[in-house]
Number of protein chains: 2
Amino acid sequence: MDIGGRLRAVRESRGMSQRDLAGRAGLTSSAISLIEQNKSSPSVASLKRLLDAIPMNLSEFFSVVEQDVVPKYFYAPDEYIELSPQDAGMGDGAARVSLRQLGDASRHALQVLHESYPPGADTGPELLSHDGEEAGIVVSGVIEVTVADQVRVLNPGDGYLFNSQLPHRFRNIGDVPCVVISACTPPTF
Amino acid sequence: MDIGGRLRAVRESRGMSQRDLAGRAGLTSSAISLIEQNKSSPSVASLKRLLDAIPMNLSEFFSVVEQDVVPKYFYAPDEYIELSPQDAGMGDGAARVSLRQLGDASRHALQVLHESYPPGADTGPELLSHDGEEAGIVVSGVIEVTVADQVRVLNPGDGYLFNSQLPHRFRNIGDVPCVVISACTPPTF
DNA sequence: TCGTTGCGTTCAGTATATTTGACGACCGGC
DNA sequence: GCCGGTCGTCAAATATACTGAACGCAACGA
């Protein structure tokens, strides 16, 4: 939790001096100096004023991600990571569901999956996970989705978007596999 | 910036009392009471101790989105919001690109798009945006993607995943439209 | 060699966050 | 009614963040 180092990096990347930033944020350069040396821990109110002056929001500020040494941006189908429905918190009825994940989610803020549900597949009520959000679009086939107390049958082109904390369930009620491309943030498994 | 209300909501969703949380976080319940009433603005150090005890990380804490009164989870194709390539920071070569967005991204942490690039479409080098990440999977057609100094041609099933701060560009170099389902976090336009 | 300008840091004093200890309100059991 | 327990809040004391005025340093030009 190197708040000071992070603040200094952000400030310098904007080409501001401590006094510049102090002026815009309505603080003093002394305070910024102490914060950047981790000699004081700013109140949220003060940190927000600093970030407003940069500008950057608090959520961004705290979600620093390391960059790969040789960054990898592209993935062929056979490079996807196969996830087990179990790890994803799905029930026994989802044993044959294919979950293929783009890249290494543990190193990213965004998790994208290529999901294929065979006919009859049923995730069962999934365990609650993080505070993140989940969304997806149906590419082919038909799937019944339950979120909290709502049930809907989604056709190709339809989508869903909800808070991951809500109980949710996917069932392929058709007779052909259903392919869905989905995204979560932050990664939940 | 209702830090207090947010903290109270999170604490109560975990079924903790102020004293419970105080015990686990090494603070006192009085401090929590004042913070929840927005009568004091916690230092980042204190807030982190509180969130560690919940547990939740700072980034998640600050990326709060309002929940609809009657929450909407499902979207038909005609309910998608049509975005203009201009607003997305794309160049003139992308005028005919179709960008259809799931839900109202300004109220969510996750933005999912159904994108269709006609033959010859070219976004040009896109403007840098937030600190978030961008990812997607090609559904049909062929597209050339440039990220920083890397160029790749992606076929159906291929995907991409990179930090939104990197310069990036999409070009449909085939002779049929290319459909991509993409996700960003946090929403950038 | 100066004086000036701009940088980050330090220090004593002030404002504010946090603790300690107490209060009233509520609830279930007797 | 009257407990014992738990809840959130409040008031005074203490710890800590922040201010305002210094300091030392390096770069630049007269």
Side-chain angles (χ1 to χ4, degrees), chain A residues 1-64 66-67 128 131 163 165, chain B residues 1-67 69 131 165:
Chain A
M1 283 299 306
D2 180 14
I3 299 281
R6 170 77 171 139
L7 178 61
R8 174 159 292 174
V10 172
R11 174 179 61 79
E12 291 180 344
S13 77
R14 299 298 195 278
M16 292 191 217
S17 70
Q18 290 181 343
R19 283 181 170 83
D20 282 342
L21 180 56
R24 300 192 202 196
L27 293 200
T28 58
S29 64
S30 336
I32 295 175
S33 177
L34 295 174
I35 292 166
E36 288 188 350
Q37 299 170 84
N38 288 316
K39 288 183 178 170
S40 85
S41 175
S43 70
V44 171
S46 300
L47 182 59
K48 169 138 180 56
R49 288 204 286 172
L50 290 170
L51 295 183
D52 282 346
I54 282 184
M56 169 174 288
N57 63 43
L58 287 157
S59 162
E60 287 178 73
F61 182 83
F62 286 112
S63 67
V64 184
E66 294 299 327
Q67 197 64 255
L128 309 185
D131 254 345
N163 188 304
Q165 284 189 317
Chain B
M1 282 298 306
D2 179 14
I3 300 282
R6 170 73 172 146
L7 178 61
R8 173 159 294 173
V10 171
R11 173 178 62 77
E12 291 180 344
S13 78
R14 299 299 197 277
M16 292 191 217
S17 70
Q18 290 181 344
R19 284 179 169 83
D20 281 343
L21 179 55
R24 300 192 202 194
L27 294 199
T28 59
S29 62
S30 329
I32 296 175
S33 176
L34 294 174
I35 292 167
E36 288 188 348
Q37 298 170 83
N38 288 316
K39 288 184 178 170
S40 85
S41 174
S43 70
V44 171
S46 300
L47 182 59
K48 170 142 179 55
R49 288 204 286 170
L50 290 170
L51 295 183
D52 283 347
I54 283 184
M56 170 175 290
N57 63 43
L58 287 158
S59 162
E60 287 178 71
F61 182 83
F62 285 111
S63 64
V64 182
V65 248
E66 292 298 328
Q67 197 61 256
V69 182
D131 255 344
Q165 283 190 317

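When reading the values below, keep in mind they use all heavy atoms of this one structure, side chains included, and skip hydrogens, waters and symmetry mates. First the proteins, then the strands, lettered A, B, ... as listed; each starts at 1.
- Taking CG of A:Leu58 as the start and CG of B:Leu58 as the end, the distance is 9.0 Å to the nearest 0.5 Å.
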Contacts under 3.5 angstrom, residues 31-39 of chain B side chains, donor-acceptor by atom type, not counting sequence neighbours:
from    : atom 1 : to      : atom 2 : distance (Å)
B:Ser33 : OG     : B:Gln37 : NE2    : 3.0
B:Glu36 : OE1    : B:Arg8  : NE     : 2.7
B:Glu36 : OE1    : B:Arg8  : NH2    : 2.9
B:Glu36 : OE1    : B:Arg11 : NH2    : 3.0
B:Glu36 : OE1    : B:Gln18 : NE2    : 2.9
B:Glu36 : OE2    : B:Arg11 : NE     : 2.7
B:Glu36 : OE2    : B:Arg11 : NH2    : 3.3
B:Gln37 : OE1    : B:Lys39 : NZ     : 3.3
B:Gln37 : NE2    : B:Ser33 : O      : 3.0
B:Asn38 : OD1    : B:Gly4  : N      : 2.9
B:Asn38 : ND2    : B:Asp2  : OD1    : 2.8

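- Regarding A:Leu21, its CG atom lies at a distance of 17 Å from the P atom of C:dG6, rounded to whole Å.
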Under 3.5 Å between N/O atoms: give me all the protein pairs with nucleotides 7-9 of chain C, atom names plus distance.
from  : atom 1 : to      : atom 2 : distance (Å)
C:dG8 : OP1    : A:Arg11 : NH1    : 3.1
C:dG8 : OP2    : A:Gln18 : N      : 3.0
C:dG8 : N7     : A:Arg19 : NH1    : 2.9
C:dG8 : O6     : A:Arg19 : NH2    : 3.1
C:dT9 : OP1    : A:Arg8  : NH2    : 3.4
C:dT9 : OP2    : A:Arg8  : NH2    : 2.9
C:dT9 : OP2    : A:Gln18 : NE2    : 3.0
C:dT9 : OP2    : A:Ser33 : OG     : 3.0

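- Nearest heavy-atom pair, B:Ser29 versus B:Ala22, reported as atom, atom and distance to 0.1 Å: N-CB, 3.4 Å.
- Atom CZ of residue A:Phe61 and atom CG of residue A:Leu7 lie 5.5 Å apart, to the nearest 0.5 angstrom.
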Taking N or O atoms only and anything under 3.5 Å, show me the protein contacts with nucleotides 25-29 of chain C, one pair per line.
none

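- B:Thr28 comes within 4.0 angstrom of a base, heavy atoms only.
- Taken from CZ in B:Arg19 to OG in B:Ser30, the straight-line distance is 7.5 Å, to the nearest 0.5 Å.
- In summary, contact between chain B and DNA chain D, defined as any nucleotide atom under 4.0 Å from a heavy atom of the protein, begins and ends at D:dC7 to D:dC10 in the 5' to 3' direction.
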Legend entry - Steps toward side-chain contact (heavy atoms from CB on, under 4.5 Å) verdict (B:Val44, A:Phe62): CA-CA 11 Å; B:Val44 171; A:Phe62 286 112; 4.0 Å; yes

Using atom types as modelled, flag every donor-acceptor pair under 3.5 Å from a side chain in residues 46-56 of chain A to any protein atom, sequence neighbours excluded.
from    : atom 1 : to      : atom 2 : distance (Å)
A:Ser46 : OG     : A:Ser43 : OG     : 3.1
A:Lys48 : NZ     : A:Asp52 : OD1    : 2.9
A:Lys48 : NZ     : A:Asp52 : OD2    : 3.1

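- The shortest non-hydrogen separation linking A:Ala45 to B:Ser41 is N-OG, 2.8 Å.
- Taking every heavy atom of residues 45-53 of chain B and every atom of DNA chain C, pairs under 4.0 Å involve B:Ser46, by number.
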